Amino acid sequence: MRTLILLALAGLGAQLVDGSLGMAYGVTSTTLLLALGTNPAAASATVHLAEIGTTLMSGASHWRFGNVDWKVVVRIGVPGAVGSFLGATVLSRLSTEAAAPVMSLILLGLGVYVMFRFTFKGLPEGRLGKPLRRRFLTPLGLVAGFLDATGGGGWGPVGTPALLAGGRLEPRKVIGSVDTSEFLVAVAASLGFLFSLGSQGLNRSWVLAFLAGGLIAAPVAAWLVRLVPPRVLGSAVGGIIVVTNVRTLLSSDLLGAPGALAVPVYALLSVVWAAALGYAVRAHRKERAARAGRAGEREPVAV
């Protein structure tokens, strides 16, 4: 019973972060299951089965608060479902360990770009509102879906920074659209796992525990993301991407960094991230004050 309560709390926390920042549910939940001794395929299957419910609730909540671009959902979600089904069916025969550091380097670069772009320049309004092309969204969905199924997480960490970096969609709609399209990915991955593994290694009570926590957090996260200013939200998401992928690289064979190095690296990253968020908050307040001043100047003076 204690394990189920801890899993439900983990699901609640993971969904709160995922629904607010567009990533981390799968990565967080799968990491916990692997720590409990679950094999990778069963861990990914458990998480994706729970995500069917959490992403459905998250998508409905984001839609209710106006955070969803349905064209983006379809154009990234359908190829994402194809990629996740393929990833699930080949997970038992395919190792992604060698590719993980390379993908982390790519994501780290995107994370650094997103964090500093939004921290120092805010939302790139010059391209805001321009349509996202299918030739960009289709391969993005395929790759993100495949990595999500084979790695137990990756839809948000791949899709969210790529869409944010384009600057064509405001952050809250990026997060809402990525979360909503993840329902298609979760369904396809679950079908792939069930066809290839059956129910082997699946613990239904664990699935239900993750699901319960996620269902509670989903509407709260969708409401929260609507209130956070785009500049601050982009800076926060960029920081999450950087910290997550630095952690992956430090623990990989590519760097072979000693464990003692991790603490000062994380401390330095935390300081930089906190400073970036503080700068983004101050810059947002100045922009808001400037807009209010310009609006006041345009008001007619009563005679």
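Fair warning: this is a prediction, and the values are worked out from it, not measured in the lab.
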With a 3.5 Å distance limit and no angle check, can you tell me whether [X] reaches the backbone of [Y] through a side-chain donor-acceptor pair?
X	Y	result
Ser181	Val178	yes
Ser58	Thr54	no
Arg172	His62	no

Side chains of residues 74-85: which donor-acceptor pairs under 3.5 Å do they make with residues two or more places apart or in other chains?
residue : atom : partner : partner atom : Å
Arg75   : NH1  : Leu132  : O            : 3.3
Ser84   : OG   : Gly80   : O            : 3.2
Ser84   : OG   : Ala81   : O            : 2.9
Ser84   : OG   : Val185  : O            : 3.1

Checklist entry - Residues two or more places apart in sequence or in another chain: which of them pass side-chain contact (heavy atoms from CB on, under 4.5 Å) with Val265? => result Val246, Leu250, Leu261, Leu269
Item to check | Contacts of type side-chain contact (heavy atoms from CB on, under 4.5 Å), residue Trp70, not counting sequence neighbours | outcome: Trp63, Val68, Val73, Thr180
Please name the pair of heavy atoms, one in [X] and one in [Y], separated by the smallest distance, quoted to 0.1 Å.
X	Y	answer
Pro139	Arg134	CD-O, 4.0 Å
Leu277	Val232	CD2-O, 3.9 Å
Ala88	Ala189	CB-O, 3.5 Å
Trp155	Ala144	CE3-CB, 3.5 Å
Gly87	Ala149	C-CB, 3.8 Å

Checklist entry - Rounded to the nearest 0.5 Å, what separation is found between the CG atom of Leu191 and the OG1 atom of Thr89? => result 11.5 Å
Checklist entry - From Asp179 CG over to Met57 CE, what is the distance, rounded to the nearest 0.5 angstrom? => result 13.5 Å
Checklist entry - Do Leu137 and Leu163 touch side chain to side chain, with heavy atoms closer than 4.5 Å? => result yes
